[in-house]
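A short write-up of the structure that comes next.
Small disclaimer: the values here were computed from a predicted structure and weren't measured. The figures that follow rest on heavy atoms only: side chains count, while hydrogens, waters and symmetry mates do not.
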Amino acid sequence: MSTQPALPPSATDLSVSLLGYGMALAMIALLRLAAPDIDALSATLLVMLAGATPPVIADLFVFRVYREKAAGLGSATRHKLDLRALAHKCFGLVVTFISFALLYFILPEYHGDLYNRYWQMVSLGLPFLLITTPFYFAWVMRRDGNQHDAYNEVALLALGKIKGRDWMEIGRHYRNWLVKAFFLPLMLTYASDSINGLVGFRFPVTYDATFMTYYDLADRIVMFADLLFASIGYVLTLRILNAHIRSSDPTFRGWVVALACYVPFWQSMLYAHFFAYDNGPNWTRWLQGHDVLLVAWGVSILSLMAIYSLATVCLGIRFSNLTYRGLVTSGPYRFTKHPAYVTKNISWWLVSIPFIHGDSWVSAARDCVLLSGVNLIYYLRARTEELHLSNYPEYVEYALAMNERSIFRPLVKFLPFLEYKVPKHLPRI
């Protein structure tokens with residue numbers, strides 16, 4: 001009988017998320033056969049809809065997650081709807097949208113070609129969102145009885161009613177939306193590129209297709225899983241799905257180490273000027289002519305990336321950086337608290353092989369130090385996330401259990417800083 005401590009229940013069902021992933025792949029296969037020349041925007045929307053359908057239906061009609069305590073919508077009492085408060089909430093949403101629209105307009109980053117498809121999706125989806133929002137808000141207000149929330153606070157502030165405002169609530173509101181405003185354009189863009197790359201992938205139907213051709217296709221399929229749920233997760237931040245943002249990281253350090261890993265900060269600044277570790281031959285050149293080793297090395301990389309993507313699939317529609325949207329303890333999270341970070345960072349060592357440099361051992365040592373610096377950034381991300389999530393008792397229970405269950409438990413003897421300890425001082429969320 002196992003003596004390991006039990007883990008708290010998971011907020012997501014992995015099998016449902018995998019079904020969504022399977023349906024998204026099936027839609028890609030259908031488009032390849034029936035509509036190979038479909039435009040990129042239509043292909044993206046159809047595939048994402050296929051992927052989102054199983055988890056949404058399961059959460060609404062099977063698990064009925066809106067009845068869970070965290071959603072705050074399970075009361076049998078139906079409260080009287082305050083139409084004035086509803087109008088304020090809708091106006092508060094419009095003010096929020098205008099705030100970030102101005103931010104997008106001011107910042108040159110969002111005027112580049114990278115985000116063209118995102119703006120197409122926004123122009124298509126915004127009218128639908130504005131039409132349906134009043135009905136959704138009314139449904140929520142009838143069930144939770146909270147006629148005044150952050151949207152009301154933002155609306156009243158915009159109307160010039162400065163006295164009496166809950167500034168902490170307004171700050172949390174904009175911080176939560178800032179997460180979406182930064183990550184949603186990136187994830188939707190990358191997911192669209194991934195989807196259309198798979199729809200248009202030209203696989204040579206010949207007996208002599210090389211391992212690298214299969215590797216390229218497998219890599220695309222594996223990474224598509226990550227991008228699919230990353231995109232869906234930022235779209236479906238809804239209380240009716242109990243997938244709303246309960247809090248976002250309130251610390252400056254947490255935001256810095258997270259944003260440092262993404263466009264535009266990573267490629268244009270940090271990698272280019274500080275962490276350019278990938279200066280030697282890549283693994284395919286290194287192992288050229290050694291077919292068995294090439295296959296073994298490539299399968300190892302794919303295996304690591306598959307675990308990385310599976311970690312995102314486990315999070316399902318609750319995926320999001322810098323936020324807490326429910327505890328996930330299934331899949332690879334049963335073996336380590338940070339499966340995505342661990343596998344991604346190991347894979348970079350296998351892909352870039354910084355320890356093999358054509359110039360000299362000095363150059364190899366330099367590249368190893370630089371990649372170690374990247375690993376350090378992800379370690380700091382893990383730590384800042386743990387600090388934020390420690391505000392929730394279920395996460396503390398999970399993290400303490402993982403001290404005993406983690407596959408990295410033997411390392412704690414040599415690296416004691418890896419052991420989770422309940423923080424003495426928690427950031428105010």
If the plane angle is over 60° it's perpendicular, under 30° parallel, otherwise tilted; pick one for [X] and [Y].
X      : Y      : result
Tyr110 : Tyr115 : tilted
Tyr277 : Tyr271 : perpendicular
Tyr341 : His338 : parallel

By the ring pair (Phe, Tyr, Trp, His ring centres under 6.0 Å) test, which pairs, at least two apart or in different chains, include something from residues 76-95?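 Found none.
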Please report the closest heavy-atom contact between [X] and [Y], naming both atoms and the distance.
X      : Y      : result
Gly331 : Cys314 : CA-SG, 3.7 Å
Leu130 : Pro134 : O-CD, 3.2 Å
Tyr215 : Trp283 : CZ-CZ2, 3.6 Å
Tyr262 : Asn321 : OH-ND2, 3.2 Å
Pro332 : Pro339 : CB-CB, 3.6 Å

All salt bridge (charged side-chain N to carboxylate O under 4.0 Å, His left out) counterparts of [X], not counting sequence neighbours:
X      : answer
Asp216 : Arg220
Arg32  : none
Glu153 : Arg165
Asp193 : Arg117

Does the side chain of Leu41 come within less than 4.5 Å of Leu45's, by heavy atoms?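 Yes, their side chains come closer than 4.5 Å.
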Arg318 and Asn242, any side-chain heavy atoms less than 4.5 Å apart: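 A side-chain contact exists here, since the closest heavy-atom pair is under 4.5 Å.
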Can you run down the side chain to side chain donor-acceptor pair (under 3.5 Å) pairs that involve residues 121-143, sequence neighbours left out, and say none if there aren't any?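 Output for this query is empty, none listed.
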With a 6.0 Å cut-off on the ring centroids, do Tyr234 and Phe183 count as close?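 So the answer is yes for these two rings.
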Within 6.0 Å of CZ in Arg84, more than 12 heavy atoms from elsewhere: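 Atom CZ in Arg84 is not packed in, count stays at 12 or less.
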Please determine, by modelled atom types, if Ser390 and Tyr420 share a side-chain donor-acceptor pair under 3.5 angstrom.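 A donor-acceptor contact under 3.5 Å links the two side chains.
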